[in-house]
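Taking it in order: structure first as structure tokens, then the write-up.
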Protein chains: 2
Amino acid sequence: MPASSRPATILEVARDAGVSKTSVSRYYSGERERLSASMQQRIAQAAERLGYQPNPMARGLKGGPSGLVGMLVADIRNPFSVAVMHGVEQACRRQGLSLMVCNTDNDPTLERQNLALLTSYRIEGLIVNAAGRHGEALAELAGGGLPLVLLDRSLEGIDADEVGLDNDQAIDIALDHLTERGYRRVLFVTEPPARASSRQARLARFESNRAARGLEGDILQAELDDTTRLDHGLSDFLAASTRQPAAILCGNGQVTLAVTRALQARQVPLGEIGLMGIDELDWCQLVTPGITTLAQPTDAIGQAAVDRLRARQAGRTTPEPRHERFIPTLIPRASTCRPGNKAPDATCDETRP
Amino acid sequence: MPASSRPATILEVARDAGVSKTSVSRYYSGERERLSASMQQRIAQAAERLGYQPNPMARGLKGGPSGLVGMLVADIRNPFSVAVMHGVEQACRRQGLSLMVCNTDNDPTLERQNLALLTSYRIEGLIVNAAGRHGEALAELAGGGLPLVLLDRSLEGIDADEVGLDNDQAIDIALDHLTERGYRRVLFVTEPPARASSRQARLARFESNRAARGLEGDILQAELDDTTRLDHGLSDFLAASTRQPAAILCGNGQVTLAVTRALQARQVPLGEIGLMGIDELDWCQLVTPGITTLAQPTDAIGQAAVDRLRARQAGRTTPEPRHERFIPTLIPRASTCRPGNKAPDATCDETRP
DNA sequence: TTGTACGCGTTATCAC
DNA sequence: GTGATAACGCGTACAA
């Protein structure tokens, strides 16, 4: 029954147990074995009685390990970010680490502030999934020895471990799928890639491999809140695609949402006009007739990020940064089934969306 | 260019500026005005040069204000929770507070652990949107003087401020809407209410007011991963509703998702069978023909939670807990348009979903 | 207006 | 094995 307004201190426990605070400290610092059995028991009882918990502040002050991992997220409302974050969290828990997440809302100022906050709490590692305008601050930290993992991002001037989707393979899988399904023209829709390297990577791969596969196509870059631009871009593509089977490939989940809205407003029949997105979302299965997606292994990605951090911490890894790329899973649905498809596969036969 | 592996201390800044550390401390503790202009300038320069940041650990150790607010979230993957969290975060920022969020994954053990973590960092206030099995721990904290706000939850034995939806009004608005649209039978689908009081409140209101409005109806309680139970419940309701226009009311966003999936698997035409949900989600507008929802003012709710915390901190509020309830906004869509509806409103005329 | 000295809870270093 | 003591960085009486 540890009922007291102020948490018990190590000193109180020591007094209560009739031992020195050094011994209590040892008990909680992994040196439990070096203590005599009777002392262990007395400490355990006293701690239980007083509801003692070591104070991480005081610990951190002394410079000991904080057991804290920081994470910088660009947009907490992005389901993909949340999913990865969940993976990171689980992985941390398994390692006995605590996670401190900061949302930057895509704002460089907030990013700086939150970075300061995290470092001030003496985090032992940092996982970054943010814009990264001010890469300098990050570079400094990494230079200072803080283990750093870039999630779904590369940052210019920063040689850190990276974990994320294999963007090249993802685009290839998508183009393969669209080709198989008989589409001959593809529009790639993406947010402006300036801010995030993964967008850049996907875009570049699309540009370089589209033609190689004999596909016609185009690229539409638009901020997602700029519905006018999006509408016009889609209109132009659709208007130019009357002769050949055409499909739209969305660079990420947010894009898929915006594009689906735009298409629905124009009453474009999905399937006849193909639609495919990177990132699997709750509703992709629900929107008639079901939207084909490339699902990222978000839990595995989160786990990998924490693993990288641990490896750096332990120094059990080469100095040069390592990049870990995950292969997405194709989830075929009817949004990529052309009505006239000669050889439809199972997905297209099913009446179920 | 504050490039150093170890952050600067207040002492170093003091030395560099040729002043005492007391002055530097004052400079950062809001007593900036009491210092001479020249000293302010010298401190600012030195701090800039060394990249100094006050160490919150050391600050917190002394018992000073931590500037930290804690938040306990039951399920970080629930879009509603994330939306409110975003509101809380923004409000904190405006107040110069930092937010530390912990996800409990609906696990009482995790809840306890995270609670311990948060308190160990000397948070000045706690916002709770979690299961609350072990209410004792929370009750203790509140008793110890920690400002506490319950979000979308009441907890037995805890007299704390509460912020959330006006569940009674929400249900009333929903029943009004369904009645207006001509439905005569309503099935209320909810997750088991045991864990969350808001579910209990909505359920109770539905039970008490359904009959009063002359509606027939039923209630389906099911864990969302128990698809069998959900399917059977829906089947039974649909089978029994051949004579009268029937609708389904979903108790929250997660339920809406599960029910929509189930209905789509059975190829039930939305509208003919009405569908309505509490919580607005990205995709409710996209699923043909659009799902009617009750949107919660998530930002306002988050803001209100932080406001309550501040009021408690300042002691500028009555000791007895205050409950703040928000009215949802009805977003009518075609999922509640019966084909034979005599007096369809604009929503039902539009061809746009 | 500015500086000195002490304590916050913990761990590391050294002695016993 | 165990205990005393000095840091850690900061806020704050208190003295100047």
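In what follows, chains are A, B, ... by sequence order, proteins preceding strands, each numbered from 1.
Here the side chain of Thr104(B) pairs no donor or acceptor atom with the backbone of Glu111(B) at under 3.5 angstrom. The backbone N or O of Thr119(A) sits less than 3.5 Å from a side-chain atom of Arg122(A), completing a donor-acceptor pair. No donor-acceptor pair closer than 3.5 Å links the side chain of Gln40(B) to the backbone N or O of Tyr27(B). Formation of a donor-acceptor pair under 3.5 Å by the Asp161(B) side chain with backbone atoms of Arg322(B) is found in this model. Of the possible donor and acceptor atoms, none in the side chain of Gln313(B) sits under 3.5 Å from a partner among the backbone N and O of Gly125(B).
Going from atom CG of Leu61(A) over to atom C1' of dA7(D) covers 9 Å, rounded to whole Å. Ile10(B) has its CD1 atom 11 Å from the P atom of dT12(D), to the nearest Å. Atom-to-atom, CE of Met57(A) to P of dG11(D) comes out at 13 Å; the value is rounded to the nearest Å. What separates CZ of Arg122(B) from P of dC10(D) is a distance of 18 Å, to the nearest Å. Taking atom CZ of Arg15(A) as the reference point, atom P of dA4(D) lies 12 Å away to the nearest angstrom.
Closest-nucleotide positions on DNA chain C for Tyr28(A) and Gly18(B) were compared, and the one nearer the 5' end corresponds to Gly18(B). If Ala58(B) and Val24(A) are placed on DNA chain C by their nearest nucleotide, the residue sitting closer to the 5' end is Ala58(B).
To the nearest 0.5 angstrom, Arg93(B) atom CZ is 5.0 Å from Glu89(B) atom CD. Between Arg59(A) atom CZ and Ser29(A) atom OG the span is 5.5 Å, to the nearest 0.5 Å.
For dC10(D), the OP1/OP2 oxygens have no side-chain nitrogen or oxygen of Ser25(B) closer than 4.0 Å. Between Arg59(B) and dG11(D), a side-chain N or O to OP1/OP2 separation shorter than 4.0 Å is present. For dG3(D), one of the phosphate oxygens OP1 or OP2 lies less than 4.0 angstrom from a side-chain nitrogen or oxygen of Ser20(A). One finds a side-chain N or O of Tyr52(B) lying less than 4.0 angstrom from the OP1 or OP2 phosphate oxygen of dC10(D).
Counting 5' to 3', DNA chain C first comes under 4.0 angstrom of a heavy atom of chain A and last does so at the ends given by dG9(C) to dA12(C).
Residues from residues 30-46 of chain A lying near DNA chain D, meaning a heavy-atom separation below 4.0 Å, are Arg34(A), Leu35(A), Ser36(A), Met39(A) in numerical order.
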